[in-house]
Amino acid sequence: MEKEYNYSEIQKKWQKYWEENNFYRAEDFSEKPKYYIMVMYPYPSGSGLHVGHCRNYIPADVVARYKRMKGFNVLNPIGYDAFGLPTENYAIEKGIPPQEITKKNIEIFRQQLKNLGISYDWTREINTSSPEYYKWTEWFFLLLYKRGLAYKDYSAQWWCPHCKTVLANEQLINGKCWRCDTPVVKKRLAEWFFKITEYADALEKDLETIDWPEKIKSMQKNWIGKSKGTEINFKAATADGTEYDIPVFTTRIDTIFGVTFLVVAPEHSLAKTLTTEENREKVLEYIKKAESEKEIDRLSTEKEKTGIFTGSYAMNPLNNEKVPILVGDYVVGTYGTGAVMSVPAHDQRDFVFAKKYKLPIRQVISPDGKEHELTEAYTEDGILINSGAFSTLKSNEAREKLATHIEKNHLGKSVTRSHIRDWLISRQRYWGAPIPVIHCEKHGIVPVPEENLPVLLPDEVDFTPRNTGESPLANDLDFVNTTCPICGGPAKRETDTQDGFACSSWYYLRYVDPHNDKAPFDRKKSDYWLPVDLYIGGAEHAVMHLLYSRFYAKVMYDAGLIGFNEPFKKLLNQGMILGIDHQKMSKSKGNVVNPDDVIKQYGADTLRMYILFMGPFDQDAIWSVETINGTHRFIKKLWTLFTSAIEEKKTEKVTLRKEKEINVIQDKMIQKITDQLENYKFNTTISSFMEWLNFLNKSAREIPDIIKTDAFTETMETFIKMLAPIAPHMADELWSRLDHKESVHLEQWPQATGIYKEEKVSIVLEVNGKVRDTIEIGKDTDEQTVKEIASNREKIKKMTSEGTILKIIYVKNKLLNIVLKK
RNA sequence: GCCGAAGUGGCGGAAUUGGCAGACGCGGCGGACUCAAAAUCCGCAGGGGUUCAGAGCCCCGUGAGGGUUCAACUCCCUCCUUCGGCACCA
């Protein structure tokens with residue numbers, strides 16, 4: 001038998017063995033309890049997998065393998081988020097169809113994943129860009145459409161001039177495109193939306209029911225942004241005497257008597273109507289300028305607030321006071337009603353604005369009921385003043401009374417507003433799932449009948465994006481021209497494609513039934529496997545993928561398609577791996593590490609172990625060649641000790657007193673490592689293995705015969721079993737060298753017997769809270785005995801003689817603290 | 001500005017959740033093997049003091065300052081720094 005640690009041979013041998021014996025197939029409807037673990041699937045980019053991906057996939061594989069040994073029927077699938085811009089852009093650049101590029105990239109990714117020794121069920125692999133998959137992405141679009149949750153709207157949208165497509169709200173980062181960092185501009189287009197706002201309440205409320213990182217939950221909560229307030233109606237009249245309603249939304253109805261003007265957004269539908277003749281020219285110019293501004297500038301809080309008087313006035317429904325109406329760019333058109341009541345005394349933005357345009361400021365809330373000179377807005381609650389019948393009330397009381405008063409007199413209503421907007425899903429690009437609708441002159445928008453799905457992406461088309469706001473699919477007349485499913489008359493296909501997040505919103509469902517051609521998935525299979533027990537992925541998807549997926553699940557639940565309304569029971573975020581330059585890994589910085597290179601140099605088991613060891617799983621970590629050497633050293637030491645022990649134990653059998661200790665440490669380690677794995681503390685798990693090996697090595701050095709004992713053999717077996725999820729190749733190799741016929745991966749996870757707890761314990765002896773001595777005594781020794789032993793220790797005796805004992809604290813099996821008065 | 005997370009040796013990081021701070025690893029130093037180096041193995045190591053030297057003993061020490069407690073990295077208050085998210089949301 002070979003003595004050298006030849007990891008390439010070992011890897012090859014066992015990967016082949018697992019594959020040939022269908023080791024990691026998940027069995028539908030097995031008797032065992034199910035465990036569905038899933039990682040965020042990769043985008044198969046041209047640059048291949050890098051070690052950053054490993055930070056997610058390796059720990060997830062450890063959990064999958066661990067759970068199998070614990071007796072679970074584990075579903076551990078993988079697939080590819082294959083539609084998307086980078087592939088399409090590359091295709092345009094090189095003149096190769098994206099289908100071909102995707103196929104090639106997936107092959108590379110698949111091989112790289114296999115090299116890592118990850119235990120995926122490869123029979124369930126999915127590819128969102130295959131017609132078998134996107135047929136159902138289209139089907140889900142129709143489901144939403146039928147349920148009134150998909151609609152087309154003509155409005156100003158964010159357009160990325162670089163990607164040449166519109167973007168959803170969530171895909172805007174500080175006014176820039178999430179993919180290419182280009183500042184977005186406004187463009188008026190007819191676009192498809194999903195009504196995620198309809199589920200705002202449920203999406204917020206159900207966050208309480210899922211075990212997700214607080215960080216993600218609070219990000220989603222903020223994103224949904226619920227706020228309770230009052231919508232109150234101001235009446236305005238134009239020069240010709242026509243009356244208009246201007247509803248405004250406020251969370252501070254208690255400040256209503258302090259309103260001194262109204263501001264409407266430049267996009268407000270009445271902005272132009274309300275402008276009087278003499279102001280018309282200036283106001284129109286102002287509106288035009290505001291609308292043409294880039295979103296990034298408009299959003300800037302540093303920007304000075306500007307506005308312009310329309311010439312019209314509105315009436316405060318509570319005191320019938322006439323206040324001027326202005327147009328101002330600090331009012332957001334898409335939030336609330338697009339109009340605000342301005343209370344400069346109690347809102348800092350209104351205050352600044354009023355100062356600038358010399359508008360009146362009236363204090364109506366005071367901390368002490370008296371009026372004060374204001375140098376800035378007083379935004380706290382207080383006592384109402386100058387507020388008619390409501391004066392002298394406290395803010396919170398006033399809010400209640402005013403709300404009742406307003407509802408009773410039909411001046412407005414109490415409402416809950418959300419920050420979240422509907423999800424814009426149409427994209428003016430080629431490489432995505434088609435939107436399955438047809439535009440008929442007679443019948444308008446007609447959904448493609450289900451039996452005609454999928455609407456296939458045409459193969460040969462000039463997919464260069466255009467600046468017109470039209471998809472490149474519009475170039476392909478064979479694709480565009482069709483007939484109306486209702487009347488058979490000439491009609492045109494929708495040419496926009498769906499946002500890639502539509503594909504990823506339901507992919508977890510496809511894994512449970514990946515080859516079904518009658519339905520997206522079988523209900524019985526989804527009932528068996530779902531929801532996902534553990535989902536691991538990056539935090540960057542907090543308000544995109546993770547919110548959309550929850551939305552889809554809720555829609556499906558309401559449609560009776562599934563029996564759960566939250567797809568991912570538990571979520572974990574892995575940290576990033578940064579390059580040796582402490583920067584995010586990227587091709588352009590040249591700091592990317594390819595796992596294949598690491599595997600070549602150290603083997604997959606070392607890479608796996610290093611990824612786990614580099615730091616807490618959920619924190620960022622920096623790639624370090626020195627540390628990977630350390631883990632490799634450990635693996636080699638392990639190999640050397642165990643292979644020589646396997647050889648030695650064949651020579652003779654020995655029994656030694658030291659065996660007891662070997663057993664005790666083994667038991668302790670089983671307990672410790674199991675706890676650590678259960679809590680996803682992979683880094684300390686590796687530390688424990690190192691400690692354990694250090695102990696075994698030291699024992700073998702002190703008593704060389706120890707490796708010939710039964711206890712040592714048993715410990716090796718336990719060690720290897722527990723190491724199997726982490727270093728699966730080496731574990732199987734050593735296991736077979738211990739003369740086992742079956743793979744170690746079919747073994748049960750070891751269980752601690754608790755013998756380590758019956759041992760002696762060391763008690764810390766403290767004087768005035770400082771450690772002075774330690775003693776070894778039997779477990780659960782009573783206080784009196786410990787006190788006696790302690791008082792006979794030289795050091796303690798000396799110290800206690802120098803003062804009087806105030807009190808003695810005894811914590812069983814832990815410590816004794818003597819408090820002295822000096 | 002608001003919300004969230006985090007500050008521990010030269011470095012990555014441990015600490016059973018209030019009970020021996022610095023596990024494990026990296027780097028470092030000393031030694032063994034070697035002609036030599038690499039690899040490997042053994043040992044030392046938070047800072048300071050005391051001591052001829054070692055053992056020993058003492059003091060200080062988990063971002064800063066205060067507090068609770070017999071006992072604080074851990075709990076409470078104030079502040080500082082770093083990172084992440086949101087940001088004219090009325």
Side-chain angles (χ1 to χ4, degrees), chain A residues 173-175 213-223 225-227 229-230 248-253 255 263 265 298-305 328-332 334-343 346-350 352-353 379 417-420 539-540 542-543 573 610 613-616 618-622 624-631 633-634 636-637 640 671-672 675-676 679 681 683-694 697-698 701 762-774 795 806-811 813-820:
Chain A
I173 295 157
N174 293 327
E214 273 316 311
K215 183 184 160 190
I216 304 288
K217 289 211 227 178
S218 88
M219 274 165 78
Q220 292 210 350
K221 216 170 171 165
N222 287 337
W223 191 259
K226 251 167 81 171
S227 65
T230 312
V248 300
F249 175 70
T250 179
T251 53
R252 290 295 303 273
I253 195 66
T255 65
V263 185
R298 176 84 190 272
L299 278 172
S300 166
T301 44
E302 259 103 87
K303 212 189 88 167
E304 205 179 336
K305 298 171 193 0
D329 63 355
Y330 77 99
V331 177
V332 182
T334 44
Y335 182 74
T337 61
V340 299
M341 57 177 227
S342 295
V343 186
H346 305 294
D347 182 291
Q348 190 56 30
R349 292 156 304 182
D350 296 342
V352 173
F353 193 80
T379 55
R417 286 272 166 198
S418 292
H419 166 99
I420 191 172
E540 67 274 15
V543 291
N573 298 124
Y610 169 61
F613 187 58
M614 62 196 308
D618 55 354
Q619 275 173 40
D620 291 353
I622 293 149
S624 138
V625 181
E626 287 80 16
T627 312
I628 200 167
N629 268 323
T631 11
R633 213 168 287 157
F634 163 74
K636 281 192 289 190
K637 272 193 258 183
T640 309
Q671 188 65 52
K672 199 169 170 185
D675 287 347
Q676 287 165 339
N679 293 299
K681 292 186 170 178
N683 56 331
T684 55
T685 302
I686 306 299
S687 299
S688 300
F689 277 115
M690 288 172 168
E691 265 178 274
W692 196 0
L693 183 72
N694 287 347
N697 251 326
K698 200 169 178 193
R701 204 163 53 240
S762 69
I763 301 274
V764 171
L765 303 179
E766 292 183 351
V767 175
N768 285 341
K770 279 184 184 138
V771 184
R772 301 297 162 174
D773 204 354
T774 51
K795 232 176 131 178
L806 278 180
K807 64 167 142 175
I808 297 178
I809 314 279
Y810 178 61
V811 183
N813 300 326
K814 278 216 170 105
L815 89 165
L816 185 83
N817 186 11
I818 302 165
V819 186
L820 288 183

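Lettering follows sequence order; numbering is per chain, from 1. Hydrogens, waters and symmetry mates are skipped; everything else that's a heavy atom, side chains included, is used.
- When the shell of 6.0 Å around NZ of A:Lys217 is examined, it contains more than 12 heavy atoms from other residues, nucleotides or ligands.
- Comparing atom distances between the A:Thr684 side chain and each of B:rA14, B:rG19, B:rC24 picks out B:rA14 as nearest.
- Along RNA chain B, the nucleotide nearest A:Ala621 and the nucleotide nearest A:Ser227 are compared for position; the residue whose nucleotide lies closer to the 5' end is A:Ala621.
- Comparing the C1' positions of B:rG18 and B:rU62 gives an interatomic distance of 15 Å, to the nearest angstrom.
- Heavy atoms of A:Val764 sit under 4.0 angstrom from at least one base atom.
- Heavy-atom minimum distance, A:Phe689 versus A:Phe634: O-CE1, 3.7 Å.
- For A:Met690, the listed nucleotide lying nearest its side chain is B:rC24; candidates were B:rC24, B:rC41, B:rU40.
- A:Phe613 and A:Ser687 make their closest contact through CE1-OG, 3.6 Å (heavy atoms, listed as atom of the first residue, atom of the second, distance).
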Exercise. Would you mind building the protein contact string for nucleotides 65-74 of chain B? One character per nucleotide, 5' to 3', B for base within reach (heavy atoms under 4.0 Å), S for sugar-phosphate only, - for untouched.
Key: -----B----
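- Expressed to the nearest 0.5 Å, how far CE of A:Met341 lies from CD1 of A:Ile253 amounts to 5.0 Å.
- Between A:Ala542 and A:Gln220, the shortest heavy-atom contact is O-NE2, 2.8 Å.
- Annotation: side chain of A:Leu806 is not in contact with side chain of A:Leu820 (no heavy-atom distance under 4.5 Å).
- Between A:Arg633 and the phosphate of B:rG25, there is no side-chain N or O to OP1/OP2 separation shorter than 4.0 Å.
- Within the 4.0 angstrom heavy-atom criterion, no nucleotide atom of any strand lies near A:Lys698.
- For B:rA90, the OP1/OP2 oxygens have no side-chain nitrogen or oxygen of A:Tyr330 closer than 4.0 Å.
- Between A:Lys636 atom NZ and A:Asn629 atom CG the span is 7.5 Å, to the nearest 0.5 Å.
- With both ends at atom P, the span from B:rC33 to B:rG22 equals 34 Å, rounded to whole Å.
- At the heavy-atom level, A:Gly630 lies under 4.0 Å from the strands shown only through sugar-phosphate atoms.
- Within 4.0 Å (heavy atoms only), A:Lys770 reaches sugar-phosphate atoms of the nucleic acid but no base atom.
- Nucleic acid contact class of A:Lys681 (heavy atoms, under 4.0 Å, all strands): sugar-phosphate only.
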Quiz prompt | Pairing pattern in dot-bracket form [Watson-Crick, G-U; both distances under 3.5 Å; | = partner strand] for RNA chain B | solution = (((((((..(((......[....))).(((((.......))))).(((((.....)))))..(((((..]....))))))))))))....
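- At the heavy-atom level, A:Arg417 lies nowhere under 4.0 Å from the strands shown.
- Among the atoms of the strands shown, none is found under 4.0 Å from any heavy atom of A:Thr631.
- OP1 or OP2 of B:rA6 has not a single side-chain nitrogen or oxygen of A:Gln619 nearer than 4.0 Å.
- A:Asn694 comes within contact range of the sugar-phosphate backbone alone, with a heavy-atom separation under 4.0 Å but no base atom that close.
- In this structure, A:Asn683 reaches the sugar-phosphate backbone alone: every heavy-atom distance under 4.0 Å involves primed, P, OP1 or OP2 atoms, never a base.
- For the pair A:Lys814 and A:Val543, nearest-nucleotide mapping onto RNA chain B gives the more 5' position to A:Lys814.
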